[in-house]
Number of protein chains: 2
Amino acid sequence: MSNLDLTFQALADPTRRAMVERLAKGSCSVSELAQPFAMSLPAVYQHLQMLEASGLVASEKIGRVRTCRMEPAAMSLAETWINRRRTDWEARLDRLGAHLQRFPEGEPK
Amino acid sequence: MSNLDLTFQALADPTRRAMVERLAKGSCSVSELAQPFAMSLPAVYQHLQMLEASGLVASEKIGRVRTCRMEPAAMSLAETWINRRRTDWEARLDRLGAHLQRFPEGEPK
DNA sequence: TCCACACTTAAGCATTTGCCTAAGTATAAG
DNA sequence: CTTATACTTAGGCAAATGCTTAAGTGTGGA
């Protein structure tokens, strides 16, 4: 499974996106991360593991507290992939427009 | 299911991302879209339906040929969501940096 | 009219996801 | 030493995913 697979998969769940939103405001413990959600701690923990597997989040355990933080690099990879497709699409539209300007209703080549 | 759910879910699959990459280069029929993949046409068709459900792709049938095209608006929504988290995270780092400059090793408030 | 072509629908199946409860483990406070 | 805290692991289960093959439907060419 490529990293983009894991990253987009991680972002596809609303709970995990909310967790990323929380971590974008600042690092916190697993319990703090779980607090807003009406679900068991193991469920939150599993979401956290998917976020870590994707690279979107990293964490470190000190004593009995695991502190989680956002990892913007994985974020950028996903953002860049999307941006690239938009660029391709726009470049194609530009070429098409330029062509139509020279050959109105002409054959598409 | 929110639109972001469907969008990121759609982008989580490598086949669907490849389909988006193909469409970013220009519109094409379902068969053309299916051609690079070692899977049945119904399978490709199901992927296409997920891409349409997310809004990433739109299509129109003329005669017996369905032509698919990329829909950049849904793309932008996903890109914007990611970008926003990065912005939040960077703003937090900036505030932290400014604070540490005034209170080196000081209490975090 | 007949038939091939380009999808499209339906049904089935193995795997993955997203939760749960119960039962751990390790650290820190009393 | 005992207990509470903060995760962590394990097992189970219903629903969703990503395919498959088989059997349609509608269009257009011969």
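Order of the sequence lines sets the chain letters (A, B, ...), proteins ahead of strands, with each chain counted from 1.
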Exercise. Tell me: CD of A:E60 to P of D:dA6, nearest whole Å?
Worked result: 18 Å
Problem set entry | B:L6, B:V57, B:L23 screened by side chain to side chain contact (heavy atoms under 4.5 Å, CB included) with B:L51, the one that passes | B:V57
For this session: Rounded off to whole Å, could you give me the CG-to-P distance for the A:L6 and C:dT16 pair?
Result: 13 Å
Exercise. CG/A:D13 to CG/B:L4 distance, rounded to the nearest 0.5 angstrom?
Worked result: 12.0 Å
For this session: Could you check which residues of residues 25-33 of chain B get a heavy atom under 4.0 Å from DNA chain D? Sort them by number, please.
Result: none
For this session: Please report, rounded to the nearest Å, how far the P atom of D:dT17 is from the CG atom of A:D5.
Result: 15 Å
For residues 34-49 of chain A, which side-chain N or O atoms pair as donor and acceptor with protein atoms under 3.5 Å away, sequence neighbours left out?
unit_1 : atom_1 : unit_2 : atom_2 : d
A:S40  : OG     : A:A43  : N      : 3.3
A:H47  : ND1    : A:R16  : NH1    : 3.0

Polar pairs (N or O, both sides) under 3.5 Å between protein and nucleotides 20-23 of chain D?
unit_1 : atom_1 : unit_2 : atom_2 : d
D:dT20 : OP2    : B:S40  : N      : 2.9
D:dT20 : OP2    : B:S40  : OG     : 2.6

For this session: Mind running a 4.0 Å heavy-atom check of residues 49-57 of chain A against DNA chain C and sending the residues that fall below it, in number order?
Result: A:M50
Exercise. So which nucleotide from C:dC7, D:dT8, D:dG18 ends up closest to the side chain of A:R66?
Worked result: D:dT8
Seminar exercise, completed: B:D88 meets the salt bridge (Lys or Arg N to Asp or Glu O under 4.0 Å) criterion, sequence neighbours left out, with A:K25, B:R84, B:R85
Seminar exercise, completed: When rounded to the nearest 0.5 Å, the distance separating CD1 of B:I62 from OG1 of B:T67 is 6.0 Å
Problem set entry | Set of residues satisfying side-chain hydrogen bond (donor to acceptor under 3.5 Å, both in side chains) with respect to B:K61, sequence neighbours excluded | none
For this session: Could you list all the salt bridge (Lys or Arg N to Asp or Glu O under 4.0 Å) pairs where at least one residue sits in residues 66-82 of chain B, not counting sequence neighbours?
Result: A:R86-B:E79, B:R69-B:E71
For this session: Applying side-chain hydrogen bond (donor to acceptor under 3.5 Å, both in side chains), name anything that partners A:W81, two or more places apart in sequence or on another chain.
Result: B:E21
Exercise. Side-chain N or O of A:K61 less than 4.0 angstrom from OP1 or OP2 on D:dT8?
Worked result: yes
Exercise. With B:S31, which residues qualify under side chain to side chain contact (heavy atoms under 4.5 Å, CB included), at least two apart?
Worked result: B:S29
Output a table of nitrogen or oxygen pairs between the protein and nucleotides 26-30 of chain D separated by less than 3.5 Å.
unit_1 : atom_1 : unit_2 : atom_2 : d
D:dT27 : O2     : B:R64  : NH1    : 3.1

Seminar exercise, completed: In terms of heavy-atom contacts, A:A10 and A:L56 come closest through CB-CD1, 3.8 Å
Seminar exercise, completed: Taken in chain and number order and not counting sequence neighbours, the residues that satisfy side chain to side chain contact (heavy atoms under 4.5 Å, CB included) with B:R92 are A:S27, B:W89, B:R95
Exercise. Rounded to the nearest 0.5 Å, how far apart are CG of B:D5 and CG of A:L11?
Worked result: 10.5 Å
Exercise. C:dC20 C1' sits how many Å from A:F37 CZ, rounded?
Worked result: 17 Å
For this session: Give a yes/no answer on whether the side chain of A:Y45 brings an N or O atom under 4.0 Å of OP1 or OP2 in D:dT8.
Result: yes
For this session: Please examine the side chains of B:E52 and B:S59, heavy atoms only from C-beta on, and report whether any two atoms are closer than 4.5 Å.
Result: yes
Problem set entry | Phosphate OP1/OP2 of C:dC19: any A:H47 side-chain N/O under 4.0 Å | yes
